[in-house]
Amino acid sequence: MSLTAMHWIDGALYEGHGTREMPILNPASGTSTGQLCLADGADVDAAVASAAAAFPAWRDTSLARRTSVLFAFRELLNERKGQLAEIITREHGKVLSDAMGEVARGQEVVEFACGAPHLLKGSFTANASTRVDAQSIRQPVGPVAIIAPFNFPAMVPMWFFPLALAAGNSVILKPSEKAPSASLWMAELWKEAALPDGVFNVLQGDRVAVDGLLDHPSVRAVSFVGSTPVARYVYERGTAAGKRVQALGGAKNHMVVLPDADIESAADAAVGAGFGSAGQRCMAISVVVTVGDVADEFVGKLKERMARLVIGDGMSDSDMGPVISAESRDRAVSYIGAGVAQGASLEVDGRDVSPKGDADGYWVGPTLFDHVTPEMTIYQDEIFAPVLAVVRVSTYEEAVKIVNDNPYGNGVAIFTKNGGAARRFQTEIEVGMVGVNVPIPVPMAYYSFGGWKASLFGDTHAHGMDGIHFFTRQKTVTTRWLDPSEQHGVDLGFPADTVTGVA
Ligand code: NAD
């Protein structure tokens, strides 16, 4: 069935003024499932106008009411999450169980946001000075833009919009043009949950839409997730326009395997984290650093497991689906060639894949390189495909240096039975999210998600209390009510801790 994915503005589908379109592709077959409208400047203006018009009434809506809308959204999402997972699998390619997992992790943030009345509480100090009270309150920032990548069409938007809405902001979501339909499905769910029209908008498009949102004076904050060059660009352009921006970028995540690790569970973890979602997770493990003499045995265990993986259409019974596009497949193939040319040892070649699915899908099989060194491009660049590199080192210190010298700092894991080594690692490692015998340490909704170095531009991470802080502005109010018995009189002295004011 062919469809046209439009924008969602002011509580309804919106055709838009833009004349540019692009096909929506199913990566498992390479076939088009519909056409996507790409926004032009007038569409950006319409989406922002809708969010700006809806903002004051939503900001002034009681917390009790806002929370009940969030709770209704949570109930609908929980009831129908299978539909959303199918949409994700069709457009992204990840297997259905993985798509269900993505929705579940997004739902956790919705559940966290249902606690908004507690999260948004300010503070109050009675009698800070004599008969003077002080309080801090948190207020929404206004219309906010969320710009999402293709690899988590539901979860990444849900890292942001539940808290943005709970705090009283209105939202313009710009999904990836490669996976646009999940956002429209969620927009319809918001309507059903009785969110007022205009509070949640979806703007379909590419960089024209992004630039329009970054430059628009009514957009007050931008949450971006994508590759590092675009994240840096969005951060610089958005902050130059006076906006609050958090821009989460790319990654090169390492898994350090110490000689005392439980080899079987470490190998299971490396294969799951390296090849799940075809290596297209921002927390995917793309480098295994083996320490000491564990390398030969570990590489053997990886190969055994990789030989059993079934590659195919995510709607069938497969372990791993295709990559997102023909361009992405060709890029991965070219990196595999570069790895061979630069002297890495190609242990499993994903170019030889026999998928359980349409031959025209964008297939790359699980690929394993051993004896990789930090000078090689397969080590340096984020490939974002099922290509795993093994780097061999002799000592723990060398392993830490490799991770810390890497420009990215999103996720890292250590596998060991030594609690002292793990504790030292979590202190010394310069990465935002650390797993100890956990390969993909994605924080729970009530903690915050974010990397260090080139993996995040801005000061605040996603969700958790950082999310509340990002989507609110703090105001401090100092109040003095005259006591009925108080005498009037002018005092030109600087207010100090007296009956006249605060120091
Ligand atoms: P991308 O950078 O190509 O696109 C992300 C968003 O930016 C999309 O909405 C896209 O339309 C827009 N965009 C693309 N090029 C642009 C340009 N030149 N100017 C303005 N906007 C532009 O990323 P992607 O390929 O969709 O997603 C994969 C990347 O996202 C990987 O690098 C991955 O590591 C990263 N990612 C990071 C996290 C994280 O939490 N750090 C999470 C998910 C994905």
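As the structure lists them, so they are numbered: ligands from 1, and atoms in each ligand from 1. Any value given below was found using the heavy atoms of this structure, including those in side chains, with hydrogens, waters and symmetry copies removed.
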Note to self: For Ala148, state whether at least one heavy atom is located under 4.0 Å from any atom of ligand 1.
What the structure shows: yes

Next item on the list: Tell me which part of Trp159 gets within contact of ligand 1: side chain, backbone, both or neither, using heavy atoms under 4.0 Å.
Entry: side chain

Next item on the list: Give the numbers and elements of all ligand 1 atoms closer than 4.0 Å to a heavy atom of Val225.
Entry: 5 (C), 36 (N), 37 (C), 38 (C), 39 (C), 42 (C), 43 (C), 44 (C)

Item checked: salt_bridge(Lys401, Glu398) N-O dist < 4.0 Å -> no

Notebook entry, point to check: Within 45° of the ring axis of Phe384 and under 6.0 Å from its six-membered ring centre, is that where the NZ or CZ of Arg331 lies?
Noted result: no

Margin query: Quick test of your reading of the model: are Lys174 and Glu177 salt-bridged, counting only N-O distances below 4.0 Å?
Written below: yes

Notebook entry, point to check: By number and element, which atoms of ligand 1 are closer than 4.0 Å to a non-hydrogen atom of Asn410?
Noted result: 41 (N)

Next item on the list: Pick one of side chain, backbone, both or neither for how Glu177 approaches ligand 1, counting any non-hydrogen atom pair under 4.0 Å.
Entry: side chain

Note to self: Given Gly249, Ala251, Gly451, identify the one with the heavy atom nearest to atom 39 (C) of ligand 1.
What the structure shows: Gly249

Next item on the list: Give the numbers and elements of all ligand 1 atoms closer than 4.0 Å to a heavy atom of Ser227.
Entry: 1 (P), 2 (O), 23 (O), 29 (C), 30 (O), 32 (O)

Next item on the list: For the pair Asp370 and Arg392, evaluate salt bridge (Lys or Arg N to Asp or Glu O under 4.0 Å) and give the outcome as yes or no after the intermediate values.
Entry: CA-CA 8 Å; Asp370 195 2; Arg392 297 174 175 228; 2.8 Å; yes

Next item on the list: Would you mind running through ligand 1 and noting each atom that sits below 4.0 Å from a heavy atom of Val210?
Entry: 20 (C), 21 (N)

Note to self: Under 4.0 Å from atom 4 (O) of ligand 1, can you find at least one protein heavy atom?
What the structure shows: no

Next item on the list: Measure the distance from atom 18 (N) of ligand 1 to every protein heavy atom, then report the residue, atom name and distance (to 0.1 Å) of the closest one.
Entry: Arg207 NH1, 3.7 Å

Check: What protein heavy atom sits nearest atom 7 (O) of ligand 1, and how far away is it?
Finding: Phe224 CE1, 3.3 Å

Check: Do the charged groups of Arg237 and Asp215 touch, with an N to O distance under 4.0 Å?
Finding: yes

Notebook entry, point to check: Tell me, which protein residue and heavy-atom name are nearest atom 40 (O) of ligand 1, and how many Å apart are they?
Noted result: Phe449 CE2, 3.0 Å

Check: What protein heavy atom sits nearest atom 13 (N) of ligand 1, and how far off is it?
Finding: Val230 CG1, 3.9 Å

Note to self: Starting from atom 27 (O) of ligand 1, what is the nearest protein heavy atom, named by residue and atom, and what distance separates them?
What the structure shows: Pro149 CB, 3.3 Å

Margin query: For Asp197, is there an ion pair with Lys191 - N to carboxylate O distance below 4.0 angstrom?
Written below: yes

Margin query: We want to know whether Tyr362 and Asp330 form a side-chain donor-acceptor pair, criterion being a heavy-atom distance below 3.5 angstrom.
Written below: no

Margin query: Under 4.0 Å from a heavy atom of Lys174: which atoms of ligand 1 are those, numbered in the order shown and with their elements?
Written below: 8 (C), 9 (O), 10 (C), 11 (O)

Check: For ligand 1, which atoms have a heavy atom of Glu382 less than 4.0 angstrom away?
Finding: 31 (C), 32 (O), 33 (C), 34 (O)

Notebook entry, point to check: How about Glu15: does its CD atom have over 12 heavy atoms from other parts shown lying under 6.0 Å from it?
Noted result: no

Margin query: Between Asn406 and Val287, is there a side-chain heavy-atom distance shorter than 4.5 Å?
Written below: no

Next item on the list: Tell me which protein heavy atom sits closest to atom 35 (C) of ligand 1, plus the residue, atom name and distance to 0.1 Å.
Entry: Gly226 O, 3.1 Å

Next item on the list: Over all heavy atoms of both residues, which pair between Ala164 and Val171 is shortest? Give the atoms and the distance, please.
Entry: CB-CG2, 3.9 Å

Margin query: Please determine whether a side-chain nitrogen of the Lys or Arg among Arg281 and Asp98 lies less than 4.0 Å from a carboxylate oxygen of the Asp or Glu.
Written below: yes

Margin query: Salt bridge check, Arg74 against Glu111: does any charged N sit closer than 4.0 Å to a carboxylate O?
Written below: yes

Checklist line | For ligand 1, the portion of Ile324 having any non-hydrogen atom under 4.0 Å away | finding: neither

Notebook entry, point to check: Does the distance from a Lys or Arg side-chain N to an Asp or Glu carboxylate O, for Arg20 and Asp40, drop under 4.0 Å?
Noted result: no

Item checked: Contact atoms of ligand 1, heavy-atom distance to Asn151 under 4.0 Å -> 43 (C), 44 (C)

Next item on the list: Provide the number and element of each atom of ligand 1 under 4.0 Å from a heavy atom of Gly250.
Entry: 32 (O), 34 (O)

Checklist line | For atom 25 (O) of ligand 1, the option (of Phe384, Tyr233, Phe150) bearing the nearest heavy atom | finding: Phe150

